[in-house]
Amino acid sequence: MLGGLKEKAGEVAEATTGAVQGRMDTAKGGKKLVDEGGPSAKAALLAKSAANDAVVSDKEASKHISLMSLRAERLESAAKKLREAAGMPDVEGIQGKEKFASLADSFEERATAYMQAVSLLTVDLQGPVFSDVETDALRLVLAQEGYEWAYEKVASAAGAAGMSCGFRDKSAV
């Protein structure tokens, strides 16, 4: 029994080592992509990230499309009722009936606009695909950008206070 446990532990250790080595290779590939690709790689990674952020945002907005369809149905139903009521004899005490037909027209126009918007917005946008190496490279770029932003804020605040932020050159950090 002990031999079987040792064998199983060895297999798990070997698999873990392989997974860690694979992860390290991916991380190294991401760093190499950023280092060797320079500003062009950084711009491409940030562009892909912005595109994916836009796709996510668009998907959030598209959740409201079903509400637009419902609004269009309600507008069409109201327009139909307005037209039916407009065609019936006048009743003393009901005001504004003379406007029912024009209201129905405006409701139908709005319903049409909603349905056109729905038909245009039902196609999902597709964002670019990231490889594992690109994902790690993007994380590195975003971390660098976060550092630069923080450095600029600290330097600005220190300068405003007549102090030094302690770094002569941010590349030395």
Side-chain angles (χ1 to χ4, degrees), residues 4-76 107-173:
L5 284 175
K6 283 183 180 180
E7 188 176 304
K8 185 67 174 168
E11 291 172 6
V12 169
E14 191 175 309
T16 302
T17 301
V20 168
Q21 185 60 50
R23 183 68 189 96
M24 290 295 294
D25 291 344
T26 300
K28 286 178 185 176
K31 181 165 178 13
K32 181 179 178 184
L33 179 61
V34 172
D35 291 345
E36 293 180 7
S40 295
K42 181 178 176 180
L45 290 165
L46 291 173
K48 288 177 81 168
S49 178
N52 279 339
D53 290 347
V55 168
V56 168
S57 178
D58 184 70
K59 285 183 181 177
E60 284 296 315
S62 69
K63 291 178 182 177
H64 300 285
I65 290 176
S66 61
L67 294 175
M68 291 175 78
S69 295
L70 179 61
R71 288 180 182 121
E73 290 172 17
R74 288 181 178 170
L75 286 165
E76 289 171 350
F107 284 20
E108 289 168 344
E109 284 178 30
R110 180 61 60 99
T112 299
Y114 276 135
M115 292 314 294
Q116 288 172 341
V118 167
S119 70
L120 291 172
L121 298 173
T122 54
V123 177
D124 286 339
L125 291 177
Q126 299 298 313
V129 176
F130 279 86
S131 69
D132 291 343
V133 169
E134 288 175 317
T135 299
D136 275 5
L138 177 62
R139 288 178 181 145
L140 180 59
V141 167
L142 293 174
Q144 289 171 345
E145 292 229 331
Y147 163 75
E148 289 173 12
W149 176 85
Y151 177 86
E152 289 168 8
K153 290 291 183 184
V154 169
S156 175
M163 301 167 39
S164 170
C165 63
F167 306 123
R168 291 196 175 130
D169 178 12
K170 68 180 175 184
S171 65
V173 177

Measure the CD1-CG distance between I65 and L70 for me, rounded to the nearest 0.5 Å.
-> 14.0 Å
Contacts of type side-chain contact (heavy atoms from CB on, under 4.5 Å), residue L46, not counting sequence neighbours = K42, L138, V141, L142, E145
Atom of L33, atom of A137 and distance for their closest heavy-atom approach = CD2-CB, 3.8 Å
Residues 20-30 side chain polar contacts: donor-acceptor under 3.5 Å, at least two apart:
| from | atom 1 | to | atom 2 | distance (Å) |
| --- | --- | --- | --- | --- |
| Q21 | NE2 | D25 | OD1 | 2.9 |
| R23 | NH1 | D136 | OD1 | 3.4 |
| R23 | NH1 | D136 | OD2 | 2.4 |
| R23 | NH2 | D136 | OD1 | 2.9 |
| R23 | NH2 | D136 | OD2 | 3.2 |
| T26 | OG1 | G22 | O | 3.0 |

Just how far is it from atom CD of E73 to atom CE of M115, taken to the nearest 0.5 Å?
-> 7.0 Å
Might you point out which heavy atoms bring F130 and S49 nearest each other, and give the distance in Å?
-> CZ-N, 3.6 Å
Residue set satisfying side-chain hydrogen bond (donor to acceptor under 3.5 Å, both in side chains) with K32, at least two apart, ordered chain then number -> none
side-chain contact (heavy atoms from CB on, under 4.5 Å) with A41: which residues, sequence neighbours excluded?
-> none
Partners of D58 by salt bridge (Lys or Arg N to Asp or Glu O under 4.0 Å), sequence neighbours excluded?
-> none
Give, for atom CG of L121 and atom NE2 of H64, the distance between the pair rounded to the nearest 0.5 Å.
-> 12.0 Å
CD/E36 to NZ/K31 distance, rounded to the nearest 0.5 angstrom?
-> 10.0 Å
Among pairs that include at least one residue of residues 123-134, which meet salt bridge (Lys or Arg N to Asp or Glu O under 4.0 Å), considering only residues two or more places apart or in two chains?
-> K48-E134
Counterpart residues, side-chain hydrogen bond (donor to acceptor under 3.5 Å, both in side chains), relative to R74 (two or more places apart) | none
T112: what forms a side-chain contact (heavy atoms from CB on, under 4.5 Å) with it, not counting sequence neighbours?
-> Q116
Name all residues meeting the side-chain hydrogen bond (donor to acceptor under 3.5 Å, both in side chains) criterion together with E60; count only those two or more places apart in sequence or in a different chain, and write none if there are none.
-> K63
Could I get the full list of side-chain hydrogen bond (donor to acceptor under 3.5 Å, both in side chains) partners for E76, not counting sequence neighbours?
-> none
State which residues pass side-chain contact (heavy atoms from CB on, under 4.5 Å) with V56; sequence neighbours excluded, sorted by chain then number.
-> none
